[in-house]
Amino acid sequence: MVGRADDLQLLRTFVDGTARSGGALLLNGDAGVGKTMLLDAAASYADSVGTRVLHAAGTQFEATVSFAGLHQVLHPILDLLPALPGASRRALGIGLGLYEGQSAAQLMIANAALALLEHAARTGPVLIVVDDLPWLDRASTAVLAFVARRLSTVRVGFLGASRLGEAGYFDGVGLPERELLPLDAAASDTLLRERYPALNIRMRQRLLDEARGNPLALLELPLAVADSPAGATGAPRGVLPLTRRLQSVFAGRVEPLPPATRDLLLLAVLDGTDDLSALRGDEGGADTLKAFGPAERARLVRVDAGGGRLEFRHPLIRSAIVELSTSEERRAAHRLLATRRPDRPELRAWHLAEAAEGPDEEVAALMQSVAHANLRRGDAVGAISELLRAADLSPNGTDRGSRIAEAAYLGATVTGDLAALPGLLDAVRRADPDRAGSLAGAVAGSYYLLNGDGDVDSAHRLLIGAVDSLADPTDAHHKALIEALYSLLMVAFFSGRPDMWPATDAAIDRLVPWPPELLRISSRTLADPARRAASALADLDAAIERLSDENSPARIVRTATAGAYLDRLDGCRAALHRVVSQGRDGSATTSVIEALFLLANEGYLAGRWHEVEAWCDEGLALCDKYSYRLLAWPGIYLRAMLAAARGDEAVVRADTEAMLRWAVPRRVGLVRGYAAHVQALAAHARGDFDTAYRQASLVSPPGELSAYTPHALWLVLDLTEAAARSGHQAEAAAHARAARDAGLAQLSPRLAMLVSAATALADPDPGANEPFVAALEVPEADRWPFDLARIQLAYGERLRRTKATIEARMHLTAALEIFQRLSAHPWATRAGTELRATGLAVTRTRDIAPEALTPQQREIASLAAAGLSNKQIGERLFLSPRTVSTHLYRIFPKLGITSRAALRDALEQLPEE
């Protein structure tokens with residue numbers, strides 16, 4: 001009954017009404033849509049409220065037996081037959097086969113049946129429930145239709161159900177009707193999740209697409225798929241198999257068709273394009289269209305002759321057609337279709353593959369080439385399916401294993417099919433035990449380890465072993481090797497440990513003639529940027545400039561990642577937005593997740609904190625959906641950083657505890673560093689500088705920038721300020737000096753600003769303000785408002801203590817305004833306290849309003865007020881509908897409203913910007 005609340009309420013209201021004054025209602029709907037269950041629910045409800053229920057159901061074998069259906073209806077009350085007048089009693093009794101004699105006129109029998117029902121209703125209301133009306137015999141249908149139209153004055157109800165598209169004797173009788181529609185998307189998803197919670201994401205979506213809201217299909221298709229070979233991959237191509245129940249529903253409408261029509265329908269299903277051109281062949285189009293006639297009359301297909309298109313009315317009709325064919329008929333159809341698709345190599349490859357009677361390396365290689373072509377077009381999901389089919393056709397175990405491994409790699413690193421990985425990797429081992437450590441399989445295995453219960457050491461060993469086992473591990477043109485090295489680099493990066501890098505560097509540096517540019521850049525900027533990034537800056541900036549012409553989601557994300565610690569993300573924003581908007585269909589899940597968190601990272605530094613929340617929410621939802629535990633931590637880190645800056649200690653505590661619980665046993669140093677950074681910032685916010693010092697020192701000891709610890713660049717100010725304010729003046733000076741000596745100021749303007757501020761804070765001389773001035777004079781310093789406000793706060797505090805009151809007020813006021821705008825409440829409180837200490841009257845530390853909208857929120861609200869849907873707003877602003885919904889969820893309470901209808905009036909009351 002999922003999704004049927006409105007229908008149930010309608011039936012209950014109908015039953016209640018008929019108990020007072022009678023009435024009739026017909027339910028119409030597709031096969032399997034739930035008519036019988038609703039009839040049963042109505043009957044159960046009627047029984048519970050004291051209404052007597054008379055059941056009947058049309059059946060094929062009784063459809064020619066006159067009055068068989070009427071007998072079912074009246075049988076429970078035939079003991080009342082003697083109460084009828086003699087003529088009526090005799091007419092009805094003879095019609096039902098109870099008495100012998102000459103049959104009476106149908107009208108007399110109908111009047112007698114109505115009289116019997118009226119007599120039964122004297123002791124309480126009666127409800128007649130008839131299922132499968134089209135299968136009732138003609139005589140019963142005529143009588144019941146007569147009765148149903150005359151129930152308005154008696155306490156008898158008539159409730160019947162029939163399938164759409166099936167002609168019966170009850171058609172056109174003029175009774176009220178209710179069409180039972182398929183379940184909507186939300187109810188379909190709920191039903192499938194409740195009954196089959198273990199389905200993987202992609203298979204669930206496939207079943208939802210095929211079932212189209214048909215409850216029977218939603219409940220039965222998972223059983224059919226689980227029992228079929230297609231169920232093992234999670235990505236079956238073409239039609240889905242049917243259970244016996246579904247066959248009885250859908251195949252029964254196909255079987256009566258003429259052989260020529262069924263043959264043509266089989267061609268149409270196996271072609272899979274809905275294009276009539278491949279079905280007409282050499283004989284022309286007229287005969288083809290004529291052969292489709294019986295299928296159109298049976299409401300199985302729609303033919304658009306002018307547009308050259310064929311449409312099946314329900315996807316499972318396609319499945320029924322395939323189920324009714326033999327394997328040889330299907331192979332013959334595929335062979336014929338292969339000859340008719342010379343201009344579509346991907347279709348020709350699939351037809352040849354399906355026509356093959358055994359392993360065929362020529363066809364397998366053709367399928368693999370099609371997979372690679374689709375991958376270049378961005379269709380990783382299709383490529384996985386094609387690689388697995390190529391593996392099935394591979395005569396050689398090594399080729400079969402490598403193709404399965406490549407499919408596993410794409411599932412792990414692109415589409416998010418982690419749930420299917422164990423089965424695929426096991427298939428690789430069975431296909432080719434001697435080469436089970438192939439590169440693609442090793443990359444997939446490392447992803448599975450890192451997102452499961454494995455550790456970085458195991459993942460690193462797996463990848464190094466696979467790379468070193470190659471006959472030539474130096475070939476810079478070996479695509480699988482390069483992909484494995486990218487994975488190896490990211491494992492070493494997440495480890496946060498120097499011991500992971502020598503083998504990683506060696507594997508990259510030995511490439512001949514030289515490593516690919518982006519791989520070389522990443523190995524410099526991610527490994528140890530304090531010492532190695534300077535040599536790669538020019539190439540990094542050039543690569544970012546080229547992103548406007550880059551179409552590969554992986555390359556865009558890798559380029560942005562390479563620039564993250566060097567504050568280059570602002571130059572990557574447009575390309576990252578493109579990755580997100582184009583990859584939300586599931587074709588590049590991991591790239592979308594990474595792009596979302598990179599956008600959140602840039603938004604955090606740039607002070608667009610409302611965007612950070614939305615990006616993190618969407619990215620973390622995807623991580624949860626696809627079980628990407630490793631990829632989730634940057635999003636959790638950024639969410640926790642916002643909480644730390646805003647004083648939300650509960651979120652800080654929950655998120656950092658989760659980071660440490662996961663990272664420590666797996667030896668994932670980067671995530672441990674995330675937790676320390678969050679805790680250091682939270683301690684700064686509440687003025688606990690001893691704790692801030694201890695936490696910041698966990699990332700890198702004071703006085704040095706630890707090798708292979710890129711996150712140390714982001715804590716230069718935190719560690720130096722905490723040391724200076726907690727009595728560790730020597731350590732503060734040493735750390736500021738280490739940052740200067742490392743040349744961090746040359747890596748980015750933001751780092752230059754932070755190094756200058758750290759230098760000022762580390763100097764105990766209250767008059768040594770030149771570094772503060774230098775920090776604030778960094779070009780475009782306002783691009784990083786939170787960092788800028790922290791520096792202005794620190795500078796203003798020093799100026800106040802040296803009695804430079806006017807200048808102190810200027811910097812403290814600027815800091816307060818930024819903190820208020822960001823809702824950084826603890827920092828705003830500190831700035832307000834300092835301002836009051838200068839003698840300036842600050843009545844209270846003003847919250848940035850729950851009422852104030854950010855520019856993006858104002859734009860979203862305006863579009864919503866104009867009537868645009870979340871999807872339309874998202875398309876216009878390059879956001880997902882989920883992100884738009886999240887923004888609106890936050891906008892409503894700010895405006896003091898609860899619905900979209902109130903947006904227009906609320907916006908008119910806001911002050912102009």
Using a strict cut-off of less than 4.0 Å between a Lys/Arg side-chain nitrogen and an Asp/Glu carboxylate oxygen, indicate whether [X] and [Y] qualify as a salt bridge.
X: Arg532; Y: Asp505; answer: yes
X: Glu594; Y: Arg555; answer: no
X: Glu721; Y: Arg798; answer: no
X: Arg800; Y: Glu834; answer: yes
X: Arg737; Y: Glu704; answer: no
X: Arg783; Y: Asp567; answer: no

Are the aromatic ring centres of [X] and [Y] under 6.0 angstrom apart?
X: Trp633; Y: Phe494; answer: no
X: Trp615; Y: His577; answer: yes
X: Tyr565; Y: His711; answer: yes

| Passes salt bridge (Lys or Arg N to Asp or Glu O under 4.0 Å), Asp718 versus Arg790? Steps please. | CA-CA 10 Å; Asp718 296 85; Arg790 287 184 61 182; 3.2 Å; yes
Provide the closest heavy-atom pair for [X] versus [Y] in the form atom of the first, atom of the second, distance.
X: Pro702; Y: Leu719; answer: CA-CD2, 3.9 Å
X: Ala543; Y: Ile521; answer: CB-CD1, 4.5 Å
X: Ala575; Y: Leu547; answer: CB-CB, 3.9 Å
X: Leu713; Y: Leu751; answer: O-CD2, 3.7 Å
X: Pro826; Y: Gly647; answer: CG-CA, 3.5 Å

State, yes or no, whether a side-chain contact exists between [X] and [Y] at a heavy-atom distance under 4.5 Å.
X: Cys572; Y: Ile544; value: yes
X: Leu744; Y: Leu705; value: yes
X: Asp528; Y: Pro710; value: no
X: Tyr795; Y: Glu807; value: yes
X: Leu812; Y: Leu799; value: no
X: Tyr674; Y: Thr656; value: no
X: Met659; Y: Val664; value: no
X: Leu754; Y: Trp784; value: no

| request: Go through Leu840 and Thr805 one step at a time and tell me if the side chain to side chain contact (heavy atoms under 4.5 Å, CB included) criterion holds. | output: CA-CA 10 Å; Leu840 190 66; Thr805 304; over 6 Å; no
Quick one: do the [X] and [Y] side chains pair a donor with an acceptor below 3.5 Å?
X: Arg809; Y: Thr838; result: yes
X: Thr691; Y: Arg694; result: yes
X: Arg667; Y: Ser495; result: no

Hey, is the main chain of [Y] close enough, under 3.5 Å, to the side chain of [X] for a donor-acceptor pair?
X: Arg568; Y: Leu566; value: yes
X: Ser700; Y: Ser706; value: yes
X: Arg836; Y: Ala831; value: no
X: Thr813; Y: Met810; value: no
X: Trp609; Y: Tyr604; value: yes
X: Ser523; Y: Arg520; value: yes
X: Arg573; Y: Leu569; value: no
X: His460; Y: Leu488; value: no
X: His811; Y: Gly796; value: no
X: Ser756; Y: Met753; value: no

| task | Assess Arg497 against Tyr708: is NZ or CZ under 6.0 Å from the centre of the six-membered ring, and within 45 degrees of the ring's axis? | result |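 The answer is no; the distance or angle limit is not met.
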| message | Run the side chain to side chain contact (heavy atoms under 4.5 Å, CB included) test on Leu642 and Val651 for me, step by step, so that the C-alpha distance in whole Å, both residues' side-chain angles and the decisive distance to 0.1 Å come before the verdict. | response | CA-CA 9 Å; Leu642 281 188; Val651 172; over 6 Å; no
With rounding to the nearest 0.5 Å, note down the distance linking [atom1] in [X] to [atom2] in [Y].
X: Arg666; Y: Ser458; atom1: CZ; atom2: OG; result: 11.0 Å
X: Glu797; Y: Arg830; atom1: CD; atom2: CZ; result: 5.0 Å
X: Ser487; Y: Leu489; atom1: OG; atom2: CG; result: 9.5 Å
X: Leu599; Y: Cys616; atom1: CG; atom2: SG; result: 10.5 Å
X: His735; Y: His728; atom1: NE2; atom2: NE2; result: 14.0 Å
X: Asp570; Y: Glu602; atom1: CG; atom2: CD; result: 6.0 Å

| Verdict with supporting geometry, Tyr637 and His677, side chain to side chain contact (heavy atoms under 4.5 Å, CB included) | CA-CA 9 Å; Tyr637 157 70; His677 191 181; 3.0 Å; yes
| request: Could you go through the side chain to side chain contact (heavy atoms under 4.5 Å, CB included) check for Tyr693 and Glu731 one step at a time? | output: CA-CA 10 Å; Tyr693 176 66; Glu731 289 83 353; 3.4 Å; yes
| request: Could you tell me how the ring of Phe786 sits relative to the ring of Phe819: parallel (under 30°), tilted (30 to 60°) or perpendicular (over 60°)? | output: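 Aromatic pair Phe786/Phe819 classed perpendicular.
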| said: Run the salt bridge (Lys or Arg N to Asp or Glu O under 4.0 Å) test on Asp688 and Arg686 for me, step by step, so that the C-alpha distance in whole Å, both residues' side-chain angles and the decisive distance to 0.1 Å come before the verdict. | reply: CA-CA 6 Å; Asp688 182 359; Arg686 63 178 181 266; 3.7 Å; yes
| message | Walk me through whether Glu517 and Arg558 qualify under salt bridge (Lys or Arg N to Asp or Glu O under 4.0 Å). | response | CA-CA 12 Å; Glu517 182 185 56; Arg558 285 168 178 169; over 6 Å; no
